[in-house]
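Structure, as structure tokens:
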Amino acid sequence: MSQRSGPSDEPTTDFDSEPQLSEVEKKLGGVPREPARNANFNNYHVAFVAALGGLLYGYDTGVISGTLIQIAADFGIEDQGSILGMTVPGHNIQEMITAAILLGAVIGALSAGPFANRFGRRWTIITVAIIFAVGVILAGVSPDPLTMIGSRLFLGLAVGGCTQTIPTYIAELSPPDKRGGLVTFFNVAIGVGILTAALVNVIFADVVWHWKIIIAVIPAVILIIGMIPLPESPRWLVNHRFLNAARMVLRWVRPSGKEADREVREIQRIVKMEEASSKGAWAAMGEKWIRPALIAGISVAIFTQITGLEMMIYYTPRILTDAGFAPELSLWANVGVGVVYLVMTTTGKFIVDKVGRRRLTLIMLPGAAVSIAAFGLVFLIMDKPNPVLAMTLLLLFMFFQAGGIQVVGWLMGSELYPLKIRSAATGLHAAALWGSNLIITITALTLVEALTLGGAMLVYAALNVIAWLVVYFRVPETKGRPLEEIEESLKDGTFLPKDQKRIAEESTT
């Protein structure tokens, strides 16, 4: 049973009347006092403000690629350095500085779920924004490598927490037919953050690294201020028996009161069914009927990281410089990666509700596999590849990756999991994503050294092929389906693609 902050008795709610908030509900905060005048605008307002967390995530994870050389020189760790009195190779300390934020993200993702269950999605996002603000200041003023590693570990708590909470928050407020486009505001914001970091690293190459990191406190403060007047998730409110508050929230983001009340009834029905089980969220994830959703969601999360895109974001300047390209060209290549990422995630935002999540991924993954394989073969065949050819293949890979599986990674994590386990499952989803990101970060350069750049790229190409097969057989289409309907399909055994295909064929005969 989930812990509740609402009254223990079953509330009496007259759905034929206007919702009247109780004294407890009035003190909750995050509950609109009147229906929307423009529900569509409110949906976009919620998505835009909450997605600022994605911008922070993109910037804070991306800015290190261009500042690491300055940080290493400032701390005197180009060749070797000292950590806790031990002499450590400089490249290992640099890897620890880079990877610390990812380890923190795993911890933050797992911790945010219980916090969101207890205090709500809205207050979790506000807390995450505060951690962002404090974390970037601590990192920016770090006087030594150990403090920098600790600061980035702390900052990672916010990165993991925002990726666990923000897509779910937006999804739970969004109407089914617009949910994909609204949730992918988060992906677009990540792209803005990555591109901003790349541009800052190029344009302000001679500015001290401290200010490049600290500047991220500005969007963090904007996120805090922007979240304060926004509503709480109606799913969280129903789960804590604040039914009238949930009605008020949904009337603020739905075109009609009847539609909002109907949705509250459906959420309430699902909650009552789940309450029949005495298992908590983590224990319930072991139930057989939930397993297909976990396999689908967590597989997509892992494949967004291990299929090569994150390696390119973190290490494009390093691998191209090591391959003989001029350092300036390598930094501008990183800008190109950021531009393509932003353009394609923005494009994906506009088409994902039309094309579908599963279909978009299946269309784009083959192109990603072919282009990164060709990129690798160029380096295997040629001693010094043509820069234009290499860059074209690299950006083609980003085109197919960022426009496909990267669009749906966070989106499907916000859609697939039943309400009872949603906070825990989205935490596990984000932790799996960040854990695989951490593995890629600490193994990518070692893989390149062991197999050469060309050989490593062929490994990533093979992983794109495996990702296509897993999506084809295990990931269903969620386009336009209410969250409660997706949950019902898990319970009645019609969740998998083969089951959906069978039902579609039966309905036409």
Say whether, by atom type as modelled, one donor and one acceptor occur between the side chain of [X] and the main chain of [Y] under 3.5 angstrom.
X      : Y      : answer
Ser142 : Leu138 : yes
His210 : Val141 : no
Asn187 : Thr345 : no
Arg474 : Ala296 : no
Ser436 : Leu433 : yes
Lys479 : Asp353 : no
Gln164 : Ser423 : yes
Thr147 : Pro143 : no
Arg358 : Tyr472 : yes
Asp177 : Gly480 : no

So, taking the atom named [atom1] in [X] and the one named [atom2] in [Y], what distance separates them when rounded to the nearest 0.5 Å?
X      : Y      : atom1 : atom2 : value
Ile440 : Trp434 : CD1   : CH2   : 13.0 Å
Ile71  : Thr98  : CD1   : OG1   : 8.0 Å
Leu102 : Ile107 : CG    : CD1   : 11.5 Å
Ile101 : Ile149 : CD1   : CD1   : 13.0 Å
Leu393 : Phe399 : CG    : CZ    : 14.0 Å
Phe379 : Thr452 : CZ    : OG1   : 10.0 Å

Quiz prompt | CD (Glu477) with more than 12 external heavy atoms under 6.0 Å | solution =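 More than 12 heavy atoms, drawn from other residues, nucleotides or ligands, come within 6.0 Å of this atom.
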
Quiz item: Any chance CD1 of Ile130 has more than 12 other-residue heavy atoms, nucleotides or ligands included, within less than 6.0 Å?
Solution: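 Result for CD1/Ile130: enclosed.
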
Quiz prompt | Pair listing, side-chain hydrogen bond (donor to acceptor under 3.5 Å, both in side chains) test, anchored in residues 385-406, at least two apart | solution =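 Every pair satisfying side-chain hydrogen bond (donor to acceptor under 3.5 Å, both in side chains) with a residue in residues 385-406: Thr307-Gln401, Gln401-Gln406, Gln401-Asn464.
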
Going by atom types alone, do [X] and [Y] pair a side-chain donor with an acceptor below 3.5 Å?
X      : Y      : value
Arg357 : Thr478 : yes
Glu172 : Ser233 : yes
Thr168 : Arg235 : no

How close do [X] and [Y] get, heavy atom to heavy atom, and via which atoms?
X      : Y      : answer
Tyr417 : Ala293 : CE2-O, 3.5 Å
Ile214 : Gly140 : CG1-CA, 3.6 Å
Ala430 : Thr163 : CB-OG1, 3.9 Å
Phe397 : Ala368 : CD1-O, 3.4 Å
Leu182 : Ser174 : CD1-OG, 3.3 Å
Ile131 : Ala158 : CG2-CB, 3.7 Å

Can you tell if the side chain of [X] reaches within under 4.5 Å of the side chain of [Y], non-hydrogen atoms only?
X      : Y      : result
Ile93  : Met96  : yes
Ile372 : Phe400 : no
Thr61  : Tyr57  : yes
Val188 : Leu342 : yes
Val136 : Leu155 : yes
Leu230 : His45  : yes
Asp60  : Ile213 : no
Tyr341 : Ile190 : yes

Quiz prompt | Results of ring pair (Phe, Tyr, Trp, His ring centres under 6.0 Å) for Tyr59 - residues two or more places apart only | solution =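 For Tyr59, no residue satisfies ring pair (Phe, Tyr, Trp, His ring centres under 6.0 Å) once neighbours in sequence are set aside.
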
Exercise. Look at the aromatic rings of Trp209 and Phe75 and report parallel, tilted or perpendicular, splitting at 30° and 60°.
Key: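 Plane angle over 60°, so perpendicular.
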
Exercise. For the residue pair His429 and Trp410, categorise the inter-ring angle as parallel (less than 30°), tilted (30 to 60°) or perpendicular (more than 60°).
Key: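 Taking Trp410 first and then His429, their aromatic rings sit tilted (interplane angle of 30° to 60°).
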
Quiz prompt | CA sep, side-chain torsions, deciding dist, call: Arg481, Ser489, side chain to side chain donor-acceptor pair (under 3.5 Å) | solution = CA-CA 11 Å; Arg481 300 170 65 190; Ser489 73; 3.3 Å; yes

Quiz prompt | Aromatic ring proximity, centroids under 6.0 angstrom, Trp468 and Phe473 | solution =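 No, they do not, as the ring centres are separated by 6.0 Å or more.
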
Quiz item: For the side chain to side chain contact (heavy atoms under 4.5 Å, CB included) test, which of Val408, Val300, Leu496 pairs with Val475?
Solution: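 Option passing the side chain to side chain contact (heavy atoms under 4.5 Å, CB included) with Val475: Val300.
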
Practice problem: Among Val49, Ile222, Val46, find the one that has a side chain to side chain contact (heavy atoms under 4.5 Å, CB included) with Met227. | Solution: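 Going through the options one by one, the only one that passes is Val49.
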
